[in-house]
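See below for the structure under consideration.
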Amino acid sequence: MNKTLYIPLYGKAFVSKRGIFLDDKKAEEIWGAEGFALKGRSRSKWLAYYMGVRAAVFDEWVKKQAAEARDAVVIHIGCGMDSRILRAGAINQKWYDVDFAEVIEERKRYYSESADYQMIPGDVRDGNWLKSIPEKKGAIVVMEGVSMYLTSKEVYDLTENLCAHFERIVFLMDCYTVLAARLSRYKNPINDVGVTKVYGTDDPALFQHGEFVYVKEHEMIPQKYIDELTGIEKYIFGKLYAGGFSKKLYRLFEYRKDDQGRLLRVQR
């Protein structure tokens with residue numbers, strides 16, 4: 001089992017229990033049942049806060065995009081044990097969660113498929129999993145906490161496969177910077193679960209191709225979430241995970257393939 005999936009699960013359960021950032025009873029349920037033994041920095045409350053806010057930011061984006069394109073399917077790449085389908089899923093809008101076969105097998109212990117919800121086992125580094133999605137028109141794609149485990153070419157190939165399948169795409173992913181990837185060799189919570197090799201990028205245009213265009217960078221840790229904390233916690237979290245220092249390590253990029261994307265490409 002890919003043990004990295006338990007780190008964000010713990011973070012979401014932690015903040016949900018505290019009643020901050022997001023309400024995630026499913027994360028609380030799974031974490032309580034599994035009781036995976038995280039250690040060291042993996043159990044840091046600061047990392048848990050970061051995971052909670054990151055999830056909330058992705059949720060907001062998905063809800064906005066889904067409201068604007070009800071005919072588009074939602075695809076969560078590297079879903080792990082995440083309950084975004086419950087937090088942000090819309091009624092009568094098709095949703096696909098994608099991850100390795102062993103993760104999906106574990107996931108099916110806690111989630112049930114329906115007419116509008118399907119879990120797809122597959123390796124996102126090849127395009128075979130897309131054969132399980134019959135829809136071709138529009139897709140809202142989120143890839144949270146995944147790109148750092150893929151090379152730049154693998155991310156590029158993934159987006160090419162998506163573009164070959166769908167007429168329209170909006171795509172949001174978080175990335176390590178090159179500096180963060182370099183520093184991760186020495187100090188990163190994922191080291192505690194045996195992961196030592198990660199990748200980063202400083203240039204969002206690196207993944208552009210054809211009609212797939214970089215749109216903008218989003219704020220990873222909006223101030224409104226920092227304001228949910230108080231006192232010294234608010235100060236420390238703001239310094240560690242927000243502002244200029246954070247941007248040297250973590251980035252959040254949006255891309256799209258549609259009329260807006262084509263217009264942006266012409267303007268540039």
Side-chain angles (χ1 to χ4, degrees), residues 1-63 66 74-91 93 95-100 102-114 116-121 140-149 172-174 188-190 192-193 195 220-222 224-226 228-229 233 237 241 250 252:
M1 177 61 63
N2 184 351
K3 296 177 181 179
T4 59
L5 66 89
Y6 288 104
I7 299 175
L9 177 67
Y10 168 73
K12 292 161 196 169
F14 183 88
V15 300
S16 182
K17 283 182 179 179
R18 287 200 55 177
I20 54 176
F21 309 147
L22 80 167
D23 180 17
D24 198 337
K25 294 297 187 291
K26 180 60 77 171
E28 294 182 47
E29 173 197 341
I30 299 173
W31 182 257
E34 294 296 325
F36 184 76
L38 291 179
K39 62 182 181 179
R41 291 181 295 272
S42 299
R43 289 189 73 101
S44 161
K45 70 177 179 181
W46 308 114
L47 179 63
Y49 290 164
Y50 169 73
M51 293 292 181
V53 173
R54 185 180 73 177
V57 169
F58 271 84
D59 286 356
E60 281 188 31
W61 186 84
V62 169
K63 289 177 183 177
V74 181
I75 301 174
H76 184 176
I77 293 176
C79 59
M81 303 300 284
D82 186 79
S83 68
R84 178 158 293 123
I85 176 62
L86 302 179
R87 299 192 310 266
I91 297 174
Q93 188 158 21
W95 186 296
Y96 296 96
D97 276 339
V98 184
D99 214 316
F100 292 116
E102 62 269 26
V103 176
I104 295 299
E105 182 179 354
E106 180 77 2
R107 184 178 177 84
K108 285 185 175 180
R109 295 173 56 208
Y110 294 97
Y111 297 89
S112 299
E113 294 183 316
S114 68
D116 292 327
Y117 175 58
Q118 183 178 339
M119 291 174 272
I120 301 176
I140 299 161
V141 185
V142 288
M143 192 166 76
E144 177 188 2
V146 174
S147 72
M148 54 283 300
Y149 304 114
L172 186 69
M173 72 173 176
D174 59 320
N188 191 316
I190 60 175
D192 297 330
V193 292
V195 177
M220 183 74 82
I221 308 293
K224 67 178 180 179
Y225 291 113
I226 299 174
E228 291 191 37
L229 299 172
E233 282 196 338
F237 184 64
Y241 288 102
Y250 314 101
L252 184 58

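All values below were derived from every heavy atom in this structure, side-chain atoms included, with hydrogens, water molecules and symmetry-related copies excluded. Model, not experiment: these values are computed from the prediction.
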Decide yes or no for [X] and [Y]: does some side-chain heavy atom of the first lie under 4.5 Å from some side-chain heavy atom of the second?
X      : Y      : result
Ile120 : Ile104 : no
Gln93  : Asp116 : no
Met173 : Val146 : no
Leu252 : Trp61  : no
Met119 : Asp99  : no
Pro222 : Val57  : yes

How many angstroms lie between atom [atom1] of [X] and atom [atom2] of [Y], to the nearest 0.5 angstrom?
X      : Y      : atom1 : atom2 : value
Glu28  : Ser16  : CD    : OG    : 3.5 Å
Glu60  : Tyr225 : CD    : OH    : 3.5 Å
Trp95  : Glu113 : CH2   : CD    : 14.5 Å
Ile77  : Glu144 : CD1   : CD    : 12.5 Å
Ile85  : His76  : CD1   : NE2   : 10.5 Å
Met143 : Phe58  : CE    : CZ    : 8.5 Å

Which atom of [X] lies closest to which atom of [Y], heavy atoms considered:
X      : Y     : result
Tyr110 : Ala33 : OH-CB, 3.4 Å
Ala13  : Trp31 : CB-CB, 3.9 Å
Val62  : Ala88 : CG1-CB, 4.2 Å
Lys26  : Ser83 : CB-CB, 3.7 Å

Original post:
By side chain to side chain donor-acceptor pair (under 3.5 Å), which residues pair with Asp23, not counting sequence neighbours?
Top reply: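 Residues passing side chain to side chain donor-acceptor pair (under 3.5 Å) with Asp23: Lys25.
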Subject >> Pairing residues for Asp59 by the side chain to side chain donor-acceptor pair (under 3.5 Å) criterion, not counting sequence neighbours >> reply: Arg84, Arg87
Check: [X] side chain, [Y] main-chain N or O, donor-acceptor pair, under 3.5 Å:
X      : Y      : answer
Glu228 : Ile20  : no
Tyr111 : Met81  : yes
Arg54  : Met220 : no

Original post:
Passes side-chain contact (heavy atoms from CB on, under 4.5 Å), Ile30 versus Tyr6? Steps please.
Top reply: CA-CA 10 Å; Ile30 299 173; Tyr6 288 104; 5.7 Å; no
Taking distance alone, no hydrogens or angles, what donor-acceptor pairs closer than 3.5 Å link side-chain atoms of residues 46-53 to residues at least two apart or in another chain?
residue, atom, partner, partner atom, Å
Tyr49, OH, Arg18, NH1, 2.1
Tyr49, OH, Glu233, OE1, 3.1
Tyr49, OH, Glu233, OE2, 3.1

Original post:
Of Glu29, Glu34, Glu102, which meets salt bridge (Lys or Arg N to Asp or Glu O under 4.0 Å) against Arg109?
Top reply: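 Running salt bridge (Lys or Arg N to Asp or Glu O under 4.0 Å) over Glu29, Glu34, Glu102 with Arg109 returns exactly one hit, Glu34.
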Subject >> Verdict with supporting geometry, Tyr117 and Asp97, side-chain contact (heavy atoms from CB on, under 4.5 Å) >> reply: CA-CA 8 Å; Tyr117 175 58; Asp97 276 339; 2.7 Å; yes
